[in-house]
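Here is the structure we will look at.
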Amino acid sequence: MAKYPFESIEKKWQKRWEEDQTFKATEDPSFPKEKRRYVLDMFPYPSGAGLHVGHPEGYTATDIYCRYLRMQGYNVLHPMGFDAFGLPAENYAIQTGTHPEVTTKANINRFRQQIKSLGFSYDWSREISTCTPDYYKWTQWIFLQLFKRGLAYEAEMPINWCPSCKTGLANEEVKDGLCDRCHTKVTRKRIRQWVLKITDYADQLLDGLDELDWPEPVKLMQRNWIGKSEGASVIFHIDGHEQTLEVYTTRPDTLFGATYMVLAPEHPLVQVITTSEQKKKVKDYIEEAARKSDLERTDLAKEKTGVFTGCYAINPVNGSRIPIWISDYVLISYGTGAIMAVPAHDERDWDFAKKFGLPIVQVVAEKGAQGPFDREPEYCLAADGISVNSGNFSGLPTVEAQEKITAWLEREGIGKKATNYKLRDWLFSRQRYWGEPIPLVHCKKCGIVPLPEESLPLLLPEVKSYAPSGTGESPLANIPEWVNTTCPHCGGPAKRETNTMPQWAGSCWYYLRYLDPHNSEAFADRSKIDYWMPVNLYVGGAEHAVLHLLYSRFWHKALYDLGLVNTKEPFARLINQGMVLGGEDNQKMSKSRGNVVNPDDIVAEYGADSMRVYEMFMGPLEVSKPWSTAGLVGVSRFLERAWLVSEKPLVQDEPPLELVKLLHKTIKKVTHDTDTLNFNTAISQMMIYLGELAKLKTLPVPLWEPFVQILSPYAPHVCEEFWERLGHKESISKSKWPVYEESLTLDDEKEIVVQVNGKIRERFTVAAGTDEAKLRQTALGLPKIGEWIAGKQVAKIIVVRDKLVNIVVKP
RNA sequence: GCGAGAGUGGUGGAAUGGCAGACACGCUAGACUUAGGAUCUAGUGCCUUUUGGCGUAAGGGUUCAAGUCCCUUCUCUCGCACCA
């Protein structure tokens with residue numbers, strides 16, 4: 001079969017769409033709120049490698065959906081832009097001296113051209129790029145609002161430091177102790193930082209998840225990351241000291257079993273309580289702990305280590321003197337940085353106590369277990385049970401014991417209910433060049449002073465060298481004429497903040513800028529926010545589950561509290577598209593594996609429409625699947641066949657009823673499957689239908705026209721061409737989605753399966769809706785069935801109308 | 001270790017508890033030809049000569065009926081990982 005001329009067709013229609021601004025979205029008030037849809041793709045980072053076939057998967061899915069929605073009468077907002085600040089361009093600048101802006105612009109141009117070649121129906125008039133001053137002006141502006149609300153603070157603290165990227169990292173950017181970007185081992189470094197108080201929103205971020213139509217795994221990952229836990233804080237007196245020691249526990253019911261205490265090596269009390277005999281050992285241990293990387297410290301396989309401080313605490317419930325140790329299995333960053341150790345009921349404490357010969361006292365017994373519980377237990381019991389050896393609280397089940405002991409602590413004034421989170425504040429500054437400058441100055445007299453909003457954007461200055469100093473200062477620190485400024489408050493000399501924002505800053509709110517991308521008065525006009533928000537469907541990779549998706553929810557909630565947006569959540573519905581894997585090895589596509597498929601090659605050889613349909617035909621959107629160019633050929637043949645069918649002589653004849661029925665079934669299935677994003681099965685139905693049309697000598701318009709329409713979201717270029725040939729002047733995307741007639745989707749006849757003991761033995765055909773009695777009678781009358789049940793006793797007959805008869809027999 | 005998800009032909013994948021393998025790739029045979037990345041027709045889970053038997057990671061269970069629901073086990077993918 002000759003290739004259909006996809007090259008000229010695709011060029012022709014892409015040009016037409018651009019000239020006619022076919023997909024420009026406007027805030028037309030005649031569309032009621034329920035007839036508006038904001039459908040968003042996660043915007044790409046424009047890397048030097050260009051697009052690979054994984055990118056267009058999500059883009060194709062949303063594009064089909066948007067085209068379908070428009071034909072269903074919705075006003076659709078579907079924008080695209082670029083996440084343009086980031087390290088690759090900066091690292092390239094360090095190597096070559098090329099300004100990151102130059103590389104970024106070139107990469108964006110390439111990406112835009114590649115994306116456009118696939119014929120996506122984006123409203124390109126809304127394109128944004130996070131690195132342009134008119135965009136990052138508003139990133140800075142939002143930062144100032146957060147700062148003014150007390151949600152941004154400066155802190156000198158030990159942070160995750162990537163020695164390769166030479167910058168600090170947020171907790172979310174560290175995976176298995178490695179830098180998420182470059183997989184270098186992360187170290188600790190104590191430097192001055194800007195931190196965002198995301199923990200203020202911990203509860204809201206947690207509760208907000210309930211109302212979101214998001215994949216459960218993503219919600220669960222965010223819940224775990226936030227890590228809310230409830231328990232009690234308890235104050236212990238320290239023998240011979242005025243100070244007290246506060247710990248957090250989720251098991252106040254085990255207080256009677258606390259036989260020792262452990263402080264994190266960094267805990268401030270360590271210096272105070274350590275006895276002179278233990279000073280040397282403790283000091284050595286602290287130094288050793290400080291040297292260890294996070295990865296080494298958190299390695300679960302390693303043996304527990306620790307040192308006795310020489311000091312004792314008093315267990316408030318029984319007055320016993322219990323030793324205070326230090327160990328790096330206690331983290332300074334969680335709770336109070338100190339724990340009461342209950343070795344009988346906590347695996348970690350158990351290991352530690354066993355290693356150092358510390359006493360183990362059982363205070364919880366398994367339900368129904370018989371005492372006495374006066375000996376050291378043989379194993380650690382971390383589960384709930386019944387309190388024992390716990391004074392007045394003995395005999396209470398765990399939950400009740402927790403409540404009663406917490407109440408007692410409160411009455412005694414030595415404890416209270418407490419909540420803790422794993423979520424830490426967000427380390428927001430980077431010691432790098434290619435990011436948004438933080439719009440603050442440090443004034444000797446006035447302290448930290450925000451720049452006046454009118455003075456934004458604070459432009460990123462030119463630098464001689466892009467190389468990070470590695471000392472914890474960004475390259476901006478090396479430009480005295482930029483750093484030295486005057487205080488906006490007192491007019492005296494001041495220094496600019498030299499840290500820049502992380503790449504996540506720009507992506508925290510880009511979906512809002514699309515609403516009003518050229519506004520110079522506000523990040524977006526409120527009426528436009530009200531018109532479109534929230535995002536109805538957001539499609540992107542699962543790798544952002546706790547990074548971008550948590551950060552932008554946080555910013556959005558802060559903006560909501562500032563009265564600047566209309567919803568508490570930005571993204572009502574989220575879908576993670578699966579990865580497209582390399583065809584040969586079923587591995588993630590990557591340059592180093594050499595299994596990357598370039599969409600340009602596919603478009604050149606098979607056309608954009610084949611590319612689009614194949615991407616959707618591969619399998620369900622959400623799952624990962626391997627790329628197969630051979631598989632693409634099948635889809636390509638489908639479109640070629642459609643082209644051949646289109647060349648049959650068109651007739652206005654009344655088409656055969658059988659085909660009309662198949663058409664209506666096809667419209668029904670494609671409508672439903674497109675609506676639910678099950679594109680692969682929609683395509684297979686269209687293949688079946690086209691196969692029937694291909695058998696005809698002439699092509700009845702009533703069979704062809706609606707088919708072209710339902711195929712058009714999938715293969716828009718070739719369908720525009722078909723549509724034009726059918727005599728239409730306006731774009732097919734402006735046409736109304738075909739409606740099926742339910743009665744025409746129903747079969748008149750049904751094949752009924754006859755089973756004997758659940759095994760299919762025969763079938764027969766009857767009119768649809770034939771009643772059960774008749775079905776039973778017919779089934780029993782079949783000669784073959786007679787043979788199967790001969791000499792056996794019929795115990796039961798199950799009849800399912802339009803489906804089957806199952807005869808249950810006994811020997 | 002904990003949590004989540006997934007295991008269906010040679011391959012990608014279909015199947016409101018009711019005909020397992022739709023659709024497509026590949027393969028086999030034939031037809032046709034302006035020899036193409038063709039196209040068309042037929043076939044294609046396994047075993048069996050037909051009748052039939054077996055078959056959705058393995059094993060058990062519920063049910064008239066299980067790929068689908070329940071339990072146990074295995075494998076793979078992802079996430080978290082001393083958070084007291």
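Proteins get letters first, then strands, A, B, ... in listed order; numbering begins at 1 in each.
At least one donor-acceptor pair closer than 3.5 Å links the side chain of T309(A) to the backbone N or O of I324(A). Side-chain N or O atoms of N224(A) include none that pairs as donor or acceptor with a backbone N or O of G227(A) at under 3.5 Å.
K759(A) comes within 4.0 angstrom of the backbone, heavy atoms only, and of no base. Within 4.0 Å of S636(A), counting heavy atoms only, lies no atom of the nucleic acid at all. Among the heavy atoms of the strands lying under 4.0 Å from L220(A) are primed sugar atoms or P, OP1, OP2 only; no base atom is included. S327(A) comes within 4.0 angstrom of nothing in the nucleic acid, heavy atoms only. K422(A) comes within 4.0 angstrom of a base, heavy atoms only.
Comment: E230(A) does not engage K417(A) in a salt bridge, judged by the lack of any side-chain N to carboxylate O separation of less than 4.0 angstrom. Salt bridge status for R223(A) with D210(A): present, with a side-chain N to carboxylate O gap under 4.0 Å. Salt-bridge annotation for E216(A) and K219(A): present, with a side-chain N of the basic residue lying under 4.0 Å from a carboxylate O of the acidic one.
For K625(A) and G7(B), the NZ to C1' distance is 17 Å, given to the nearest whole Å. Separating the CD atom of E230(A) from the P atom of A84(B) is a distance of 11 Å, rounded to the nearest angstrom. Straight-line distance from the NE2 atom of H267(A) to the C1' atom of A84(B): 13 Å, rounded to whole Å. Between the CG atom of L547(A) and the C1' atom of C80(B) there is a distance of 14 Å, given to the nearest Å. Going from atom CD1 of I797(A) over to atom C1' of U63(B) covers 18 Å, rounded to whole Å. Remark: P of A84(B) and NZ of K304(A) are 14 Å apart, rounded to the nearest angstrom. Counting to the nearest Å, the P atom of A14(B) and the NZ atom of K669(A) are 10 Å from each other. When the P atom of G53(B) is taken as reference, atom CG of N757(A) falls 12 Å away, rounded to whole Å.
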Next item on the list: Any chance you could list the contact pattern along nucleotides 18-28 of chain B? Use B for base contacts, S for sugar-phosphate-only contacts and - for none, protein heavy atoms under 4.0 Å, 5' to 3'.
Entry: BBS-BBSSS--
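Considering only side-chain atoms of M221(A), the nucleotide from G79(B), A84(B), G13(B) that sits closest is G79(B). Of the candidates A84(B), G53(B), C80(B), the closest approach to any side-chain atom of W788(A) belongs to G53(B). Out of G13(B), C64(B), C82(B), the shortest distance to the side chain of D328(A) is found at C82(B). Distance from the side chain of K784(A) is smallest to G52(B) among A81(B), G13(B), G52(B).
C25(B) and C71(B) have their C1' atoms separated by 38 Å, given to the nearest Å. Taking atom C1' on both C27(B) and U49(B), the two are 25 Å apart, rounded to the nearest angstrom. Taking atom C1' on both U16(B) and A65(B), the two are 15 Å apart, rounded to the nearest angstrom. Taking atom C1' in both A15(B) and C82(B), one finds a spacing of 46 Å when rounded to whole Å. Rounded to whole Å, the separation between the P atoms of G21(B) and G9(B) comes to 14 Å. Rounded to whole Å, the separation between the P atoms of A24(B) and U34(B) comes to 28 Å. A distance of about 44 Å separates the C1' atoms of G36(B) and U68(B), rounded to the whole Å. To the nearest whole angstrom, the two P atoms, one in U8(B) and one in A14(B), are 12 Å apart.
A close approach under 4.0 Å does occur between a side-chain nitrogen or oxygen of R761(A) and OP1 or OP2 of G53(B). Distances shorter than 4.0 Å separate some side-chain N or O of K796(A) from OP1 or OP2 on C64(B).
In this structure, a donor-acceptor pair under 3.5 Å is present between the side chains of W225(A) and E172(A). With 3.5 Å as the limit, one finds a donor-acceptor pair spanning the side chains of Y421(A) and D203(A). Between the side chains of S387(A) and D253(A), no donor-acceptor pair of N or O atoms lies under 3.5 Å.
A glycosidic torsion no more than 90° from 0 defines the syn conformation; G12(B) lies beyond that range and is anti.
For residues 796-811 of chain A, every residue pair satisfying the salt bridge (charged side-chain N to carboxylate O under 4.0 Å, His left out) rule, not counting sequence neighbours, is listed here: E772(A)-R801(A).
Taking the six-membered ring where the residue is Trp, F679(A) and Y714(A) present perpendicular rings, their angle passing 60° and hence far from 30°. Ring geometry for F352(A) against Y260(A) counts as parallel: the plane angle stays under 30°, on a 0 to 90° scale with 60° as the upper cut.
Separation of the Y614(A) and W627(A) ring centroids falls under the 6.0 Å cut-off.
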Check: For RNA chain B, what string of dots and brackets results from 5' to 3' when Watson-Crick and G-U pairs need both distances under 3.5 Å, crossing pairs get [ ], and pairs with another strand get |?
Finding: (((((((..(((.....[....)))((((((.......))))))(((....)))..(((((..]....))))))))))))....
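A residue-by-residue look at Y329(A) and E216(A) shows that E216(A) has its nearest nucleotide of RNA chain B further toward the 5' end.
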